[in-house]
Amino acid sequence: MAAVRQLWLDDSEAGYPGESVRNIRARLLVVRGDEDQLVSRTNAVELADRVAGATFLNVPFTDHSVQESQVQWLLPVLDEFLQKQ
């Protein structure tokens, strides 16, 4: 658990999300709840910006667990994202 905590709290160049995410070649949908207390909007946007072609979705009126609290908003977007080639 200490290694995970260090990964998430490290704000140096070696920390999350780090430059290594630029090597991701898969399509990426970064989803964040607008009231998320764990991942800032700035950090989520930085992640999406570092991965070529990534899509960013900021869901209003929800917290960190978008998939639980706003599933009715997430599923249509997720379905469309997965249907694209």
Side-chain angles (χ1 to χ4, degrees):
M1 190 60 160
V4 172
R5 186 176 305 121
Q6 180 180 359
L7 172 74
W8 281 96
L9 298 177
D10 184 355
D11 62 358
S12 72
E13 284 295 317
Y16 179 83
E19 293 301 313
S20 64
V21 297
R22 292 187 189 277
N23 297 325
I24 295 173
R25 297 293 174 244
R27 291 177 46 242
L28 176 65
L29 175 62
V30 177
V31 179
R32 178 190 177 273
D34 197 46
E35 299 171 6
D36 192 332
Q37 298 294 312
L38 299 176
V39 179
S40 72
R41 183 180 180 122
T42 299
N43 285 353
V45 169
E46 285 176 357
L47 173 59
D49 285 347
R50 288 180 180 166
V51 178
T55 302
F56 175 68
L57 173 65
N58 192 71
V59 181
F61 313 114
T62 193
D63 59 11
H64 186 73
S65 300
V66 176
Q67 75 283 0
E68 294 174 2
S69 58
Q70 296 294 344
V71 68
Q72 73 279 9
W73 291 6
L74 179 60
L75 285 181
V77 174
L78 188 55
D79 186 50
E80 181 179 335
F81 177 80
L82 293 173
Q83 295 300 321
K84 290 182 181 178
Q85 295 290 333

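The structure presented is a predicted model; accordingly, all values stated were derived computationally and were not measured.
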Give me the atom names and distance for the closest heavy-atom approach of [X] to [Y].
{"X": "A54", "Y": "A48", "answer": "CB-O, 3.3 Å"}
{"X": "V77", "Y": "W73", "answer": "CG2-O, 3.6 Å"}
{"X": "R27", "Y": "K84", "answer": "NH1-O, 3.1 Å"}
{"X": "A44", "Y": "V30", "answer": "O-CG1, 3.8 Å"}
{"X": "V21", "Y": "V51", "answer": "O-CG2, 3.4 Å"}

Original post:
Rounded to the nearest 0.5 Å, what separation is found between the CG atom of L28 and the CG atom of L47?
Top reply: 6.0 Å
Subject >> Between Q70 and Q72: side-chain donor-acceptor atoms closer than 3.5 Å >> reply: yes
Original post:
Shared ILVMFWY cluster between F61 and L75, side chains joined below 4.5 angstrom?
Top reply: no
**OP:** Examine L74 and F81 and state if one hydrophobic cluster contains both, with Ile, Leu, Val, Met, Phe, Trp and Tyr joined whenever side-chain heavy atoms are less than 4.5 Å apart.
**Re:** yes
A side-chain contact here means heavy atoms from C-beta on lying under 4.5 Å apart; do [X] and [Y] qualify?
{"X": "R32", "Y": "R41", "answer": "yes"}
{"X": "H64", "Y": "V39", "answer": "yes"}
{"X": "S65", "Y": "Q67", "answer": "yes"}

